[in-house]
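Below is one structure; the comments refer to it alone.
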Amino acid sequence: MKTRFAPSPTGHLHVGGARTALYNYLLARKTGGTFLLRIEDTDRGRHVEEAVPMILADLKWLGIEWDEGIEAPGQAGPYRQSQRLPIYTGYVRQLIEAGLAYCSAEVAAEPDAAVPAAEGAKGPMGFRRPAQLPTKEQTLAALDGAAPAAIRFLCPGKDVTIHDEVFGDVCIPADQQEDFVILKSDGFPTYNLANVVDDELMGVTMICRGQEFLGQSWRQALLREALGFRTPLYAHLPLIMDMQGRKLSKRDGDVDVHSFRKAGYLPEALVNFIALLGWNPGGERERMSMKELVELFSPDRIGKSNAKFDREKLLAFNTDAGACADEDRLLVCFRDYLSLNETPIPGGDAGLLRRLLRINKGFRTFADIPARCGVLFKADTDYAFDEKAVVKVLVKGEPTGYAVLAEIRGELAGLAWEAPAIESWVEKFCAARSLGMGKVAQPIRVAVTGNTVSPAIVDTLVLLGREKTLARIDRCLAGKTV
RNA sequence: GGCCCCAUCGUCUAGCGGCCUAGGACACCGGGUUUUCAACCCGGCAACACGGGUUCGAUUCCCGUUGGGGUCACCA
């Protein structure tokens, strides 16, 4: 089996596209087939050149590797449609010669203009075939550049039935079809033509893509038939919606793979989560590695109904993945996270990073780490005191936190600055004054971080070091907390 | 609006005629653990859209209704 993912470079990879890529990858791996990556850059208006490397990077980060295509040359290249123009015009010429395509100077309608006009009307609207078709010679002349005109496919006018692995047989009636453009007036092919030609030439045998294409598959089926191409297997995927049930879009917050990477998510968590949007292995199994997904994936377990993208559940998957991953793996990902974000945490010291990972166990995303520990890496005079925290922990109560802190300051100065020593000192201190841990740890925490949240107090102090700890406590005691 | 598709807890879903007093996970609620936050542990709440059939028996099969989605570009 040969599958493919064929993104259009207009921006970062979207989670919907990522799932399509993942399923195609899984299908190929599962069957020992080939996964191909092709760039469909035929829309020069929306084209964003930088999007190409961005999409490749997003796929690699997810662990979705392709066997053939851009950056992995094979027999059927080039793998960018903009570099294959002569191939497409060759097939268009073939269609014109066969009397199956004609030129059309009609200007494109606005995308949404047709819909309101159709209210109350029956049947489809939009393009109408002219009563008098241009001659073959006129069309050929247009193709060769005589005048700017688009080339349309002459529909045979017959019902088309698509066999889909997910949705079964779906029939698109002839009266819903119309002559569609295959070559735009700028000389670039449309999706329908380029896609069909490339899939044939590149030997793609399984087309797995979003359900939005199912209702228009008749175009590709008709084109294949006219061109004498083979019929591939189809598997259309239910759509991914937002929590309101609307089409998932940027408006719902970040839905790009890259934004999750930058936000501190683990790729294995994202992969596991999106794999389950529209598919499941049956039973109660939910947590799966990429390797397990390859083993368990099966197109006949792909569902038919749309799924909502629940960020809460993704967060839970990430928390779990973070707890399960070994430290070496986490270190690699954490470094990646730091390289993408501005944080006070220095990224160069692997030992330090490992310590941070250890004392922050239970983190939800990597972003939790600078949120909890970032202040420890700032200058001792460069952090603010949270007013509510100061009042609650230092001012109120009897004895006050300030009073306890002053005592602590004195004892801390002479301590050996190692975790075990500090640990036992805290215990003894609490016991001696019959104070709860909270009454001791919290004042220290507020003094050295300005807030009530940080890793365990011993870890926090060891990480800070004696000098900085004392300097911060002194600053706090001096009353410079507001 | 035409056409196409879909329909189990709030969400992702298991279920492929009796195993279902409908299972799991996330979220939520309650409790526990605890030096903070998070994590963690235990318990709980919560669904077969509706109406007809078919059948000894329907969440499972059929039809209709309703609801939702997609599509109808010189975008992919």
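Just so we're on the same page: letters track the sequence lines, and every chain starts at 1.
- Among the protein residues, C171(A) comes within range of the sugar-phosphate backbone only, with heavy atoms under 4.0 Å from sugar or phosphate atoms but none that close to a base.
- The residue K361(A) sits close to a base: some heavy atom pair falls under 4.0 Å.
- If you measure from atom NZ of K158(A) to atom P of C3(B), you get 22 Å, rounded to the nearest angstrom.
- G278(A) comes within 4.0 angstrom of the backbone, heavy atoms only, and of no base.
- At a threshold of 4.0 angstrom between heavy atoms, the contacts of F363(A) with the nucleic acid are absent.
- For the P atoms, the distance linking G64(B) with U60(B) amounts to 16 Å, nearest Å.
- D175(A) has its CG atom 14 Å from the C1' atom of G1(B), to the nearest Å.
- Rounded to whole Å, the distance from CD on E284(A) to P on C26(B) is 12 Å.
- Between the CZ atom of F180(A) and the P atom of C72(B) there is a distance of 13 Å, rounded to whole Å.
- In this structure, S8(A) reaches the sugar-phosphate backbone alone: every heavy-atom distance under 4.0 Å involves primed, P, OP1 or OP2 atoms, never a base.
- Contact annotation for A456(A): base contact, defined as any heavy-atom pair under 4.0 Å involving a base atom.
- L239(A) has its CG atom 14 Å from the P atom of A7(B), to the nearest Å.
- The side chain of D43(A) approaches C75(B) more closely than any other nucleotide in the set C12(B), C6(B), C75(B).
- Put simply, K308(A) has no side-chain N or O that comes within less than 4.0 Å of OP1 or OP2 on C12(B).
- When the nearest nucleotides of RNA chain B are assigned to P238(A) and F213(A) by heavy-atom distance, the more 5′-ward of the two goes with P238(A).
- U59(B) is unpaired under the criterion used here, namely a Watson-Crick or G-U wobble arrangement in which both key atom distances are under 3.5 Å.
- Residue K313(A) places none of its side-chain N or O atoms closer than 4.0 Å to OP1 or OP2 of U11(B).
- For U33(B) and U13(B), the C1' atoms lie 31 Å apart once the distance is rounded to whole Å.
- In the set C5(B), U13(B), U36(B), U13(B) carries the atom at the smallest distance from any side-chain atom of A307(A).
- Looking at the side chain of V181(A), the nearest of the listed nucleotides G69(B), C74(B), U36(B) is C74(B).
- Base-pair partner of C19(B): not found among the strands shown (Watson-Crick or G-U wobble, both distances under 3.5 Å).
- Under 4.0 angstrom from either OP1 or OP2 of C75(B) there lies at least one side-chain N or O belonging to K184(A).
- Interface remark: the Q216(A) side chain does not form any donor-acceptor pair with the A73(B) base, using a distance-only criterion of under 3.5 Å.
- Under 4.0 angstrom from either OP1 or OP2 of G69(B) there lies no side-chain N or O belonging to N306(A).
- In this structure, Y234(A) and H236(A) have parallel ring planes: the angle between them is below the 30° cut-off, well short of the 60° mark.
- When side chains are defined from C-beta on, K313(A) counts as touching E286(A), because their heavy atoms get closer than 4.5 Å.
- Look at G44(B): its Watson-Crick or wobble partner, with both distances under 3.5 angstrom, is C28(B).
- Heavy-atom contacts from other residues, nucleotides or ligands closer than 6.0 Å to NZ of K392(A) number 12 or fewer.
- Counting heavy atoms from C-beta on, the side chains of P189(A) and Y91(A) never come closer than 4.5 Å.
- Under the Watson-Crick and G-U wobble criteria, each requiring two contacts below 3.5 Å, nucleotide G1(B) is paired to C72(B).
- Of the residues Q81(A), H47(A), R80(A), the one that meets the side chain to side chain donor-acceptor pair (under 3.5 Å) test with D41(A) is R80(A).
- Within 4.0 Å of I457(A), counting heavy atoms only, lies at least one base atom of the nucleic acid.
- One atom, NE2 of H236(A), and another, P of G70(B), lie 15 Å apart when rounded to the nearest Å.
- The only member of F260(A), F363(A), Y337(A) that meets ring-ring contact (aromatic ring centres under 6.0 Å, His included) when paired with Y265(A) is F260(A).
- In terms of heavy-atom proximity, L277(A) sits nearest to A307(A) at CG-CB, 4.2 Å.
- Distance noted for atom C1' between U66(B) and C50(B): 7 Å (whole Å).
- Atom P of C6(B) sits at a distance of 30 Å from the matching atom of A25(B), rounded to the whole Å.
- Between the CG atom of N360(A) and the P atom of A38(B) there is a distance of 14 Å, given to the nearest Å.
- A donor-acceptor contact under 3.5 Å is not formed by the side chain of Q211(A) with the base of G70(B).
- Of the listed nucleotides (U35(B), A27(B), C12(B)), A27(B) has the atom at the smallest distance from the side chain of A316(A).
- Across the strands present, U33(B) finds no partner; the criterion is a Watson-Crick or G-U wobble pair with both atom distances under 3.5 angstrom.
- The separation of G15(B) from A22(B), taken at their C1' atoms, amounts to 8 Å, rounded to a whole angstrom.
- When both distances must be under 3.5 Å, the Watson-Crick or G-U wobble mate of A38(B) does not exist.
- One P atom belongs to C9(B), the other to A47(B), and the distance between them is 9 Å to the nearest Å.
- R224(A) places none of its side-chain heavy atoms less than 4.5 Å from the side chain of E200(A).
- Nucleic acid contact class of T452(A) (heavy atoms, under 4.0 Å, all strands): base.
- Mapped onto RNA chain B by nearest heavy atom, K439(A) and L314(A) fall at different nucleotides, with L314(A) at the one closer to the 5' end.
- Contacts of R301(A) with the nucleic acid, taken as non-hydrogen atoms under 4.0 Å apart, involve only primed sugar atoms and P, OP1 or OP2.
- Considering only side-chain N and O atoms, R364(A) lies nowhere under 4.0 angstrom from the phosphate OP1 or OP2 of C40(B).
- Ring geometry for F309(A) against F273(A) counts as perpendicular: the plane angle is over 60°, on a 0 to 90° scale with 30° as the lower cut.
- Across C3(B), U11(B), C72(B), the shortest atom-to-atom separation from the side chain of E178(A) is found for C72(B).
- On the P atoms, G24(B) is 33 Å away from C63(B), given to the nearest whole Å.
- Counting any heavy atom pair closer than 4.0 Å across all strands shown, E212(A) reaches sugar-phosphate atoms only and no base atom.
- Using a 30° and 60° split on the angle between ring planes, F180(A) and F153(A) fall in the tilted class, from 30° to 60°.
- The side chain of T42(A) contributes an N or O atom lying less than 4.0 Å from OP1 or OP2 of A76(B).
- Close to A76(B), at under 4.0 Å from its OP1 or OP2, lies no side-chain N or O of R46(A).
- Here the side chain of R372(A) is nearest to one of C37(B), U11(B), U35(B), namely C37(B).
- E312(A) comes within 4.0 angstrom of sugar-phosphate atoms only, judged by non-hydrogen atoms across all strands, and of no base.
- In this structure, L222(A) places its CG atom 16 Å from P of C72(B), rounding to the nearest Å.
- Listed nucleotides: U35(B), C5(B), U11(B). Nearest to the side chain of V170(A): C5(B).
- Nucleotides C42(B) and A27(B) have their P atoms positioned 14 Å apart, rounded to a whole Å.
- In terms of phosphate contacts, Q177(A) brings no side-chain nitrogen or oxygen within less than 4.0 Å of OP1 or OP2 of C72(B).
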